[in-house]
Participant: 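The structure follows.
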Number of protein chains: 2
Amino acid sequence: MKSSELTGDELVQVLSTLSNPHRIRIIAALMDGREYVSRLARRLEISRALLQVHLRKLEAAGLVEATLELSPEGKAMKYYTICQFAIELTPQALAAAAPTLSYEEARLRDDPQEQG
Amino acid sequence: MKSSELTGDELVQVLSTLSNPHRIRIIAALMDGREYVSRLARRLEISRALLQVHLRKLEAAGLVEATLELSPEGKAMKYYTICQFAIELTPQALAAAAPTLSYEEARLRDDPQEQG
DNA sequence: GGCACCTGCAAAACTTCCGTTGCAGGTGCC
DNA sequence: GGCACCTGCAACGGAAGTTTTGCAGGTGCC
């Protein structure tokens, strides 16, 4: 995933998702390889409920991926993996994304003549 | 400013600052060159009070810079400029920033033996 | 003086985010 | 049955972010 492929709204979502210490630590922890929820919670020393909330956000933003698997003993395990992404954060990239913000689109709809 | 030069905490601040449609539009508008507050507010069609709040955040994160100048007529004008920045947002970059989160540092202080 | 412009800020209302708590379901094993 | 694991989620209270409203100061010009 590259920043140039994102709409303004998606970029906002990704940035707000990554602007949280817990979620940065989660990404860092998943760099070692896939992990299931309960074990990840123990490694990060946070509650499982809290971790699930953050994982849901990361998944909604397309930054991690989940696969539900059955362990050899038959237990359901949810494994999370990082989705590779490379987002370039420069004034130029932001300017390119700005026109595709739904905010901006709504404004232009109301005032079509001021485009350009 | 490069992402590799930022601490985890600074990165969080930059990301949360940029995860807002208004502030992305402000950066985009300042790409055309420096601008003073009231005129920028008219261009963006938002209230001056609201713009000031967002400009303060952008300045606190080191993304824009302000200079107070006197116009030829003697009016005080506050001009804002973009600070060039290039932040690389990848899992690797986040993993590099994670150990410098104050959150993480506090955790390691409490439990020194689990480092590594 | 009155108007048009420039600046600043803080209180209040509203919305969203965060983290905990407590509950539900399931499996295998002793 | 009881215990140790795995999963899920919703509700609540408190913290933080967002936006409006209203006020203050200043300049120059008619």
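On a predicted model such as this, the values are computed, not experimentally measured, just so you know.
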Participant: Nearest nucleotide by nearest heavy atom, which residue falls closer to the 5' end of DNA chain C, B/Ser38 or A/Arg48?
Facilitator: B/Ser38
Participant: Could you grab the distance from atom CG of B/Leu63 to atom CG of A/Leu89, nearest 0.5 Å is fine?
Facilitator: 8.5 Å
Participant: Measuring from atom CG of A/Leu101 to atom CD1 of B/Ile24, what distance do you get when rounded to the nearest 0.5 angstrom?
Facilitator: 5.5 Å
Participant: Nearest whole angstrom, please: distance from the P of D/dA16 to the CG of B/Leu15.
Facilitator: 19 Å
Participant: Check whether any side-chain nitrogen or oxygen of B/Tyr36 sits under 4.0 Å from OP1 or OP2 of C/dT7, and answer yes or no.
Facilitator: no
Participant: Separation of A/Lys75 atom NZ from D/dC5 atom C1', in whole Å?
Facilitator: 4 Å
Participant: Is the shortest distance from a Lys or Arg side-chain nitrogen in A/Arg34 or A/Glu65 to a carboxylate oxygen in the other one below 4.0 Å?
Facilitator: no
Participant: Closer to the 5' end of DNA chain C via nearest nucleotide, is it B/Arg56 or B/Arg42?
Facilitator: B/Arg42
Participant: Given B/Glu35, which of B/Ile26, B/Leu40, B/Thr81 fulfils the side-chain contact (heavy atoms from CB on, under 4.5 Å) condition?
Facilitator: B/Leu40
Participant: Is B/Lys78 touching bases, backbone alone, or none of the nucleic acid, heavy atoms closer than 4.0 Å?
Facilitator: sugar-phosphate
Participant: What is the separation between atom CD1 on B/Ile26 and atom C1' on D/dT18, rounded to the nearest whole Å?
Facilitator: 13 Å
Participant: Could you list all N or O pairs between the protein and nucleotides 17-21 of chain C that sit under 3.5 Å apart?
Facilitator:
| from | atom 1 | to | atom 2 | distance (Å) |
| --- | --- | --- | --- | --- |
| C/dC18 | OP1 | A/Asn20 | ND2 | 3.0 |
| C/dC18 | OP1 | A/Arg23 | NH2 | 3.4 |
| C/dC18 | OP2 | A/Arg23 | NH1 | 3.4 |
| C/dC18 | OP2 | A/Lys57 | NZ | 3.4 |
| C/dG19 | OP1 | A/His22 | NE2 | 3.4 |
| C/dG19 | OP2 | A/His54 | NE2 | 3.0 |

Participant: State yes or no: do A/Val12 and B/Leu50 share one hydrophobic cluster built from I, L, V, M, F, W and Y residues joined by side-chain heavy-atom distances below 4.5 Å, directly or via other members?
Facilitator: yes
Participant: Quick one: CG on B/Leu58 to CD1 on B/Ile82, what's the gap to the nearest 0.5 Å?
Facilitator: 9.5 Å
Participant: I need the CG-C1' distance between B/Leu68 and D/dG25, as an integer number of Å.
Facilitator: 13 Å
Participant: When rounded to the nearest 0.5 angstrom, what distance separates CG in A/Leu94 from CG in A/Leu11?
Facilitator: 6.5 Å
Participant: According to a strict under-4.0 Å criterion, is A/Gln52 in side-chain N/O contact with OP1 or OP2 of D/dG8?
Facilitator: yes
Participant: Nearest to the side chain of B/Met77 - C/dC6, C/dC9, D/dT7?
Facilitator: C/dC6
Participant: Could you give the CG-to-P distance, from B/Leu51 to C/dG8, as a whole number of Å?
Facilitator: 10 Å
Participant: In whole Å, I'd like the distance from the OH atom of A/Tyr79 to the P atom of D/dT7.
Facilitator: 9 Å
Participant: Provide, to the nearest angstrom, the distance between the CD atom belonging to B/Glu69 and the C1' atom belonging to D/dG26.
Facilitator: 17 Å
Participant: Just by distance, do the side chain of B/Arg43 and the backbone of B/Ala29 share a donor-acceptor pair under 3.5 Å?
Facilitator: yes
Participant: How close or far is atom P of D/dC6 from atom CD of A/Glu35, stated in whole angstroms?
Facilitator: 10 Å
Participant: Below 30° counts as parallel, above 60° as perpendicular, anything between as tilted: where do the rings of A/His54 and A/His22 land?
Facilitator: tilted
Participant: Under a cut-off of 3.5 Å for both distances of each Watson-Crick or G-U pair, what dot-bracket string does DNA chain C give, using [ ] for crossing pairs and | for inter-strand pairs?
Facilitator: ||||||||||||||||||||||||||||||
